[in-house]
Amino acid sequence: MPELPEVETYRKYLDRYAIGKRISAAAHIDSYLLKKALDPAGLAADLEDRIITSSNRHGKYVFLEISGPKFLILHFGMTGYPEYLEDCRDIPAHTRLLLEFDGSCLALVDTRRLGMIYLYDDINSFLDDKKPGPDALSISMDMFIERLSKRKKPVKSAIMDQSIIAGIGNLYADEILFQSHIHPLSACSHIDREKYNIMYKKMRHVLALAVEKHADIKKYPQDWLLSCRGKCGACPHCGSSLKIIKVGGRTAYFCPGRQKLYS
DNA sequence: TTTCATGTTCAGCA
DNA sequence: GTGCTGAACATGAA
């Protein structure tokens, strides 16, 4: 479930289990995930005998710095996650990249294969290529308002647009709008500044608390939409039934009684 | 069997 | 050029 809180949780997991490790070999490489003309043999050769030295994150991307230096850049798609293995003989199904250390292993597992793997010499050239917007937990309120308020598209599509703000996906977009009392179809250009202030604070609150809870939905407050989405069907605040619509091709849950449409 | 799913990308259109 | 929409991608669960 990789949106910003999940990806940050994975980054911390990698910090714990991969930093300082020497890569003795890379195996189980699925070329479908390799981008930028990477090929399995070339990637394996580039990774071999390197040490993983640090990690960073921008939006939904994790950057693993390896001695050289180079940067192994991971995107977890819709179903990806890292898994550390004490015993390399027990490789999980759907492993798309396996980094072998001296005795242990790190698997990148991704059932649907929508994840992405890049290797870059530096992070800035990667950011120049992909041009993601500012990270959702780093952006200032002024920048947040500036980047959103001129858009004409529905606010939900805008906050999920990685080139506007990086890190928010379908589930957290619904949660942020739910807590901000904004209808997902509201036009960005019609939301007033005061409401943007609220949305900004709710965005930070939702993402920060989700990171603190290690993106474990079971630990989220009961009055969050995420604790309820797809299960209870009723708004955890007012009890009226949640509505399900499509916004920008994605399923949106919201409470029509509490979320105002700006149009 | 069909539909849907937390991801991005890109062709096509106004 | 800008900005937006919807289909496509790969796979499994309901």
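Numbered from 1 within each chain, the chains take letters A, B, ... in sequence-line order. Being a predicted model, the structure only gives us computed values, none of them experimental.
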Engineer: Using only heavy-atom distances, determine whether the side chains of A:Ser55 and A:Arg11 contain a donor-acceptor pair under 3.5 Å.
Structural biologist: yes
Engineer: Can you list the stems that include DNA chain C, where a stem is three or more consecutive Watson-Crick or G-U pairs with distances under 3.5 Å?
Structural biologist: B:2-5 with C:11-14, B:7-14 with C:2-9
Engineer: In whole Å, what is the span from the CG atom of A:Asp110 to the P atom of C:dG12?
Structural biologist: 11 Å
Engineer: Would you indicate what A:Gly249 reaches in the nucleic acid, counting non-hydrogen atoms under 4.0 angstrom: base, sugar-phosphate, or nothing?
Structural biologist: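 Since no nucleic acid heavy atom lies under 4.0 Å of A:Gly249, the category is nothing.
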Engineer: In this structure, how many angstroms lie between the P atom of C:dG3 and the CZ atom of A:Arg151, rounded?
Structural biologist: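 Going from A:Arg151 (CZ) to C:dG3 (P), I get 6 Å.
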Engineer: So which of residues 129-144 of chain A are in contact with DNA chain C, with a heavy-atom cut-off of under 4.0 Å?
Structural biologist: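 Per residue number, the list is empty: none.
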Engineer: Counting the atoms with a prime plus P, OP1 and OP2 as sugar-phosphate, which does A:Tyr32 contact under 4.0 Å by heavy atoms, base, sugar-phosphate, or nothing?
Structural biologist: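 If one applies the 4.0 Å heavy-atom cut-off, A:Tyr32 turns out to touch the sugar-phosphate alone, with no base involved.
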Engineer: What is the distance, rounded to the nearest whole Å, between atom CE of A:Met160 and atom P of B:dT9?
Structural biologist: 13 Å
Engineer: Take the protein atom NZ of A:Lys153 and the nucleotide atom P of C:dC4, then report the distance between them rounded to whole Å.
Structural biologist: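 For the pair A:Lys153 NZ and C:dC4 P, the rounded distance is 5 Å.
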Engineer: Return no unless some side-chain N or O of A:Thr251 is found under 4.0 Å from OP1 or OP2 of B:dA5.
Structural biologist: yes
Engineer: Return the value, rounded to whole Å, for the distance between atom CZ of A:Phe76 and atom P of B:dT6.
Structural biologist: 19 Å
Engineer: Rounded to whole angstrom units, what separation is found between the OH atom of A:Tyr253 and the P atom of B:dA5?
Structural biologist: 7 Å
Engineer: Mind running ring pair (Phe, Tyr, Trp, His ring centres under 6.0 Å) on A:Tyr200 and A:Tyr196 for me, showing each step along the way?
Structural biologist: CA-CA 6 Å; A:Tyr200 176 78; A:Tyr196 271 118; over 10 Å; no
Engineer: What do you reckon, A:Cys105 and A:Cys88 SGs under 2.5 Å?
Structural biologist: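 Between A:Cys88 and A:Cys105 there is a disulfide, given that their SG atoms are under 2.5 Å apart.
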Engineer: Under 4.0 Å: is that the gap between some side-chain N or O of A:Arg229 and OP1 or OP2 of B:dT6?
Structural biologist: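 Looking at the OP1 and OP2 atoms of B:dT6, one of them is under 4.0 Å from a side-chain N or O of A:Arg229.
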Engineer: In terms of the nearest nucleotide of DNA chain B, which residue is placed more toward the 5' end: A:Lys246 or A:Gln162?
Structural biologist: A:Lys246
Engineer: Checking contacts here: which listed nucleotide (B:dT8, B:dG7, C:dC4) is nearest the side-chain heavy atoms of A:Met78?
Structural biologist: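 Nearest to the side-chain atoms of A:Met78, counting from C-beta on, is B:dG7.
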Engineer: Parallel, tilted or perpendicular for A:Phe178 and A:His237, by the 30°/60° rule?
Structural biologist: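 A:Phe178 and A:His237: tilted rings.
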Engineer: Report yes if a side-chain nitrogen or oxygen of A:Lys60 is closer than 4.0 Å to either non-bridging phosphate oxygen (OP1 or OP2) of B:dT8; otherwise report no.
Structural biologist: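 It does, given that an N or O in the side chain of A:Lys60 lies less than 4.0 Å from OP1 or OP2 of B:dT8.
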Engineer: May I ask you to test the A:Ile117-A:Leu74 pair for a side-chain heavy-atom distance under 4.5 Å?
Structural biologist: yes
Engineer: Do the side chains of A:Phe126 and A:Leu33 join up, straight or via other hydrophobic residues, at under 4.5 Å, putting them in one cluster?
Structural biologist: no
Engineer: Figure out the CZ/C1' separation between A:Arg250 and C:dC4, and round it to whole Å.
Structural biologist: 16 Å
Engineer: Between C:dC4 and B:dT6, how far apart are the two C1' atoms, rounded to whole Å?
Structural biologist: 22 Å
Engineer: Fit a plane to each ring of A:Phe254 and A:His183, take the angle between them on a 0 to 90° scale, and name the class: parallel (under 30°), tilted (30 to 60°) or perpendicular (over 60°).
Structural biologist: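 Ring orientation, 0 to 90° scale: tilted.
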Engineer: Between A:Phe76 and A:Leu43, is there a shared hydrophobic cluster once you connect ILVMFWY residues whose side-chain heavy atoms come closer than 4.5 Å?
Structural biologist: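 Yes; A:Leu43 is reachable from A:Phe76 via cluster members.
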Engineer: Reckon A:His94 has a side-chain N or O less than 4.0 Å from the OP1 or OP2 of C:dA10?
Structural biologist: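 No, outside the criterion.
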Engineer: Hey, do the aromatic rings of A:Phe71 and A:Phe63 have their centres closer than 6.0 Å?
Structural biologist: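 Here the rings of A:Phe63 and A:Phe71 have centres that are no less than 6.0 Å from each other.
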Engineer: Suppose we call a contact any N or O donor and acceptor under 3.5 Å apart; does that hold for the side chain of A:Arg112 and the base of C:dA10?
Structural biologist: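 Check passes, donor-acceptor contact within cut-off.
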Engineer: If hydrophobic clusters are built by linking Ile, Leu, Val, Met, Phe, Trp and Tyr wherever their side-chain heavy atoms come under 4.5 Å apart, do A:Ile73 and A:Leu114 end up in the same one?
Structural biologist: no
Engineer: If I take atom NE2 in residue A:His75 and atom P in nucleotide B:dT6, what distance separates them, rounded to the nearest angstrom?
Structural biologist: 14 Å
